[in-house]
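Only one structure is covered here, and it is reproduced in the block below.
Ligands are counted one by one from 1 in listed order, and the atoms in each one are counted from 1 as well. FYI, side chains are in, hydrogens and waters are out, and symmetry mates aren't considered; it's all heavy atoms of this structure.
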Amino acid sequence: MIFDELGLDPRILEAVKSSGYTEPTPIQAQAIPAVISGRDVTGIAQTGTGKTAAFVLPMLHKLSQGRAKARMPRTLILEPTRELAAQVAENFEKYGANQKLNMALLIGGVSFGDQDRKINAGVDVLIATPGRLMDHFDRGKLLLTGVQMLVIDEADRMLDMGFIPDIERICGMLPKTRQTLLFSATMPPEITKLAKQFQKDPERIEVTRPAQTAETITQHVTKSPSDKDEVKRAVLRAIINSCDVKNGIVFCNRKREVDIVAKSLNKHGFDAAPIHGDLPQSYRTQTLDRFRNGELTLLVASDVAARGLDIPDVGHVFCYGPPPNSDDYVHRIGRTGRAGRKGESFTIVSPRDQKLWDSVIKRIGQDVENFWNDDIAAEVENASSRPERRPRKNDDLKQKRGRGRTRDESRSREETQRDEPHKEEPRQEEQAGSEEQTPQKSRSAKSQPRSRGDSDNRKPRRSSKRDDDQGMAFVGMGEHVPAFLQREVEIPDLSKDD
Ligand code: AMP
């Protein structure tokens, strides 16, 4: 099949051609005609199948007639994370380049003012995370009664993040006559219920997910003889040194781990930066852009932050421990070896990770090659002989405090399901600094030593509060934040600080 056969507006076809695509992917071939004909669609598909264009293209087609009114968006796309929302917005710009349509992106970490102005001018497409959308609605700045089409993307991830009550509320505010498209990688009972509740006789389109990992990826496992973090970090460095790394993603299971591993890699001269939900939006966007443009070698990420991100051509994936959910292993290593290219993955498994690793092996149904060499052995020996960092007096107390839930739970869950609530942690310099600074041989993944004030190494303080898509939290105020502190402010661009 070719795109011309799908009945899309010629301007859209032209934009698709300019993107270099000639044939629709299976989900596009099935979903586009169904959406154009006005049917609801339940798409069971994961990222990488072309599902974004499967809803963006027919939406653009339908929007080619009619005009937007002030404060009344014509279509609405809900995304679980800011990055995914921004990625869908990029798709709109790409495929809608030949049409004059207005789009607004409502995500946290960005001032309300600009978003208000866009909504006031009238938008054809509103792309939003549920929390920020509700905030606009509650401020009386938005009317949802003109929405003709709703897309709920990554529905299972929305469920994981506790957004379903928000989605139910949003659906209740939309006209009943709208068209509803729902996309999800899996269909747990809660999502099936949501589909039944808010869709009318949907066409079910299922694109098979790869049960196994791509053959273009060479997988390795390195067994760390110790659970000590110092040893695991030393193993990670030795593995990276053993590879010719052009670019790679280091996956960690917790936000705290992301910070510490990134900091430690920087300290040892690697060009690495963290990405997770506690970092300000401007920093996350900037870091991703640098990684995409080849200006950053190693992206240290949590699963949620990296999920769905379209980063082509990643050479290496490093798992700093197997993920708690074995499906995430497939997602993680699927970041490399894309489009027929070769990729390599390395997973560090310490004794306490063994059970998780066993379920990964069961999930992928294949053996993974052991990776070990003299450099790893030497690093392990070196790190094992160092005294362990003694816990500080307040560590325990801080951990307990960090476990508190926020007032507005449904807005506070970006990444909290997999990641522990972010704690007021011991300073990372002390964590990473407990490692001895060993001299390193020259390596491709290593950068020139960074200055102290280098923007990559800087991380604004955040508390465990508001671990969501709404920007910075208030530190040290407990639950009682005075109103004047909650005023809307622009978040400074960290890149301009130095
Ligand atoms: P998605 O599943 O929407 O995240 O898309 C994954 C990747 O496939 C993105 O890089 C898209 O640009 C790309 N893509 C989307 N549609 C097509 C197509 N018809 N042919 C080739 N690549 C595509």
**Request:** Would you mind reporting whether Ile275 and Leu288 have side-chain heavy atoms less than 4.5 Å apart?
**Result:** yes
**Prompt:** Judged by modelled atom types alone, do Asp156 and Thr186 share a side-chain donor-acceptor pair under 3.5 Å?
**Reply:** yes
**Message:** Need the ligand 1 atom indices (1-based, order shown) with element for anything under 4.0 Å from a heavy-atom of Thr25.
**Reply:** 17 (C), 18 (C), 19 (N)
**Request:** Return yes or no for this condition: an N or O of Ala53 is under 3.5 Å from an N or O of ligand 1.
**Result:** no
**Prompt:** Between the side chains of Arg284 and Ser282, is a donor N or O closer than 3.5 angstrom to an acceptor N or O?
**Reply:** no
**Selection from Phe55, Tyr21, Tyr95 by shortest heavy-atom distance to atom 22 (N) of ligand 1** = Tyr21
**Request:** Provide the number and element of each atom of ligand 1 under 4.0 Å from a heavy atom of Glu23.
**Result:** 18 (C), 19 (N), 20 (N)
**Request:** Sequence neighbours left out, what passes side-chain contact (heavy atoms from CB on, under 4.5 Å) with Asp4? Give chain and number order.
**Result:** Ile2, Leu13, Lys17
**Request:** Answer yes or no on whether Arg139 is positioned over the face of Phe112, meaning its NZ or CZ is under 6.0 Å from the six-membered ring centre and within 45° of the axis.
**Result:** yes
**Fill in**
Numbered in order shown, the ligand 1 atoms found under 4.0 Å of a heavy atom of Thr52 are 1 (P), 3 (O), 4 (O)
**Asked** Heavy-atom contacts under 4.0 Å between Gln87 and ligand 1: side chain, backbone, both, or neither?
**Response** neither
**Request:** Using a strict cut-off of 4.0 Å, indicate which atoms of ligand 1 neighbour a heavy atom of Phe3.
**Result:** 19 (N)
For residues 64-72, dump all side-chain donor-acceptor pairs below 3.5 Å to protein atoms at least two apart in sequence or in another chain.
residue : atom : partner : partner atom : Å
Ser64   : OG   : His61   : O            : 2.5
Arg71   : NH1  : Gly140  : O            : 3.2

**Request:** Using a 4.0 Å heavy-atom cut-off, say whether Lys94 meets ligand 1 through its side chain, its backbone, both or neither.
**Result:** side chain
